[in-house]
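Keep in mind that the numbers below use all heavy atoms, side chains included, and drop hydrogens, waters and symmetry copies. Values in this document were obtained by computation on a predicted structure and should not be read as measured data. Below, read A as the first sequence line, B as the second, and so on, with proteins coming before strands; counting in each chain starts at 1.
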Number of protein chains: 2
Amino acid sequence: MEEGQSSRKQPKSCPSTYKTFSLSLQALVILAKHSSTCPSSDIATYMQSEATLLRRILAVLAREYIIETREGREGGYRLSKSPDLITLAEVYSALQIDEARCSGMTEATGENSFGVKMKSVMFDITSEIDQSVLTVLNKYTIADLVERTCEPD
Amino acid sequence: MEEGQSSRKQPKSCPSTYKTFSLSLQALVILAKHSSTCPSSDIATYMQSEATLLRRILAVLAREYIIETREGREGGYRLSKSPDLITLAEVYSALQIDEARCSGMTEATGENSFGVKMKSVMFDITSEIDQSVLTVLNKYTIADLVERTCEPD
DNA sequence: GGATCATTACTCGGATACGCCGTGTCCGAGTCTCCCGGG
DNA sequence: CCCGGGAGACTCGGACACGGCGTATCCGAGTAATGATCC
């Protein structure tokens, strides 16, 4: 039997939670402020977080071509494109947070006819929620976050 | 002494996850189909889930006056009002799933100036997402789910 | 026959134990830089 | 002076262990129906 279309996605990397999303956004803002490459240890120090956890998350973003890695001395992470071209929805989708919500909703159903029908309904509602969330997140870019973190108000 | 606007929030009760939300919706649909009171064991059997887990969740819904409990023989759970008056947003808010998302986003920030600013930004975005989600969930009621689970398509 | 009360069966809610997932710590593989020697 | 090679140091990514949260199992407290008993 073929494996299907699940070839590119390694869900083993990092947890698809909102904390991960928050850490990703903060790291991207920091990378946007730094012009050159920035190692994970510096980011972790600035964010008061753990370097390995950041690396796990940033590896996913690098796999989705949002950032680029550079190993060796003077290496680290760097944005692949301009901060105003990176939407929060793009980061959100890269981390597959919507799929986590979907599985959380649909996998809680049984196998009988009622469970199957409810699973279908849950999937529809989840899809609508995800689309709504993506619409909101599409309005903001990393550049917006940089601006809002530099100017208090 | 009145408790004020705290409205007796015991976060110790059940996890604020989407699986909980899914189980709540399924249980409410089942309760809407049954006119009289229905014990948790019957609901769990029909949903192919665990009775104690359902009871934990339903206790929260009863605390928010969405359903009513009746102990003793021939007891169980019963909807407090008509299914077409119970919106999914109401259930969603009762389970405090939005607060779980908010804490997941805001608690991932540090304590320095950058972390505080990011926390504020995260809170704003989270609030906007929550409002969007609630808007979607306000369009549907338990009666809608009952209808969609009875009529295949 | 009707009312009262003890019995009983059935319910929910809480306490406890197990398992999984997320997180923290450590280490190896890889690579880019820097310095030094030779032409 | 310019170029090439080796050492060095710094980086990321993966493996392993700890901790917390969610979940499952069990049990007690409480209540409403039931049936027997008495008036």
Side-chain angles (χ1 to χ4, degrees), chain A residues 10-24 27 31 34 36-45 47-63 67-78 95-97 99-101 103-105 107-108 110, chain B residues 8 10-24 27 31 34 36-45 47-64 67-78 95-97 99-101 103-105 107-108 110:
Chain A
Q10 284 94 346
K12 177 67 176 57
S13 304
C14 73
S16 296
T17 178
Y18 276 91
K19 180 177 181 180
T20 302
F21 185 54
S22 175
L23 295 174
S24 299
L31 288 177
H34 285 259
S36 62
T37 61
C38 191
S40 63
S41 59
D42 292 2
I43 303 176
T45 303
M47 287 174 55
Q48 297 179 353
S49 180
E50 301 300 323
T52 306
L53 180 59
L54 265 298
R55 260 173 281 181
R56 233 177 272 276
I57 299 171
L58 294 178
V60 176
L61 298 181
R63 198 183 305 151
I67 60 177
E68 294 175 354
T69 68
R70 178 188 176 89
E71 292 191 351
R73 196 168 175 177
E74 296 289 325
Y77 297 93
R78 189 174 67 86
L95 297 172
Q96 304 180 32
I97 300 179
E99 296 187 7
R101 189 214 314 274
S103 59
M105 289 276 284
E107 289 180 2
Chain B
R8 292 291 79 197
Q10 282 95 347
K12 176 66 176 59
S13 303
C14 74
S16 295
T17 179
Y18 275 91
K19 180 176 181 181
T20 302
F21 185 55
S22 175
L23 295 174
S24 299
L31 288 177
H34 285 258
S36 62
T37 61
C38 192
S40 63
S41 59
D42 291 2
I43 303 176
T45 302
M47 287 175 55
Q48 298 179 353
S49 180
E50 300 299 323
T52 306
L53 180 60
L54 266 298
R55 259 171 281 180
R56 230 175 273 276
I57 300 171
L58 294 178
V60 177
L61 298 181
R63 198 181 306 153
E64 297 294 325
I67 60 177
E68 294 174 353
T69 68
R70 178 189 175 87
E71 291 191 352
R73 197 167 175 177
E74 296 289 327
Y77 296 93
R78 189 174 66 85
L95 297 172
Q96 305 180 33
I97 299 179
E99 296 189 8
R101 188 214 316 275
S103 58
M105 289 274 283
E107 289 181 3

Practice item. Just jot down the side chain to side chain contact (heavy atoms under 4.5 Å, CB included) partners of B:Arg70, sequence neighbours excluded, or say none. Key: B:Thr37

Revision key, fill the gap. In short, A:Thr17 meets A:Ile97 closest at the heavy-atom pair O-CD1, 3.7 Å

Study note, to complete from the structure: For A:Arg78, the side chain to side chain donor-acceptor pair (under 3.5 Å) test, sequence neighbours excluded, returns A:Glu68

Point to revise | Non-neighbouring partners of A:Gln48 that pass side chain to side chain contact (heavy atoms under 4.5 Å, CB included), sequence neighbours left out | key: B:Glu111, B:Asn112

Review point. What residues form a side chain to side chain contact (heavy atoms under 4.5 Å, CB included) with B:Ala62, not counting sequence neighbours?
Key: B:Ile67, B:Thr69

Name the pairs: protein N/O against N/O of nucleotides 31-35 of chain C, kept only if under 3.5 Å.
residue: C:dC32; atom: O3'; partner: A:Arg70; partner atom: NH2; Å: 3.3
residue: C:dT33; atom: OP1; partner: A:Arg70; partner atom: NH2; Å: 3.2

Review point. Which atoms form the tightest heavy-atom contact between B:Arg101 and B:Tyr18, and what is the distance?
Key: NH2-OH, 3.4 Å

Dump the pairs, protein N or O against N or O of nucleotides 19-26 of chain C, anything under 3.5 Å, distances to one decimal.
residue: C:dT25; atom: OP2; partner: A:Glu50; partner atom: OE1; Å: 3.2
residue: C:dC26; atom: N4; partner: A:Thr52; partner atom: OG1; Å: 3.4

Practice item. For A:Phe21, enumerate each residue passing the ring-ring contact (aromatic ring centres under 6.0 Å, His included) test, keeping only those at least two apart in sequence or located in another chain. Key: A:Tyr92

Check your understanding: Is there a donor-acceptor pair closer than 3.5 Å between any side-chain N or O of B:Ser49 and the backbone N or O of B:Ala44?
Key -> no

Check your understanding: Under a criterion of less than 4.0 angstrom to any heavy atom of chain B, what are the 5'-terminal and 3'-terminal contacting nucleotides of DNA chain D?
Key -> D:dG22 to D:dT34

**Study point:** Contacts of A:Ser40 that satisfy side chain to side chain donor-acceptor pair (under 3.5 Å) - sequence neighbours left out
**Key:** A:Arg55

Review point. Taking only residues two or more places apart in sequence or in another chain, which ones pass side chain to side chain donor-acceptor pair (under 3.5 Å) with A:Ser24?
Key: none

Exercise for review: Could you check B:Arg56, B:Arg63, B:Gln96 and say which one makes a side chain to side chain donor-acceptor pair (under 3.5 Å) with B:Ser13?
Suggested key: B:Arg63

What does the list of N/O pairs under 3.5 Å between the protein and nucleotides 4-7 of chain C look like, with a distance for each?
none

Check your understanding: Who are the side chain to side chain donor-acceptor pair (under 3.5 Å) partners of A:Tyr77, not counting sequence neighbours?
Key -> none

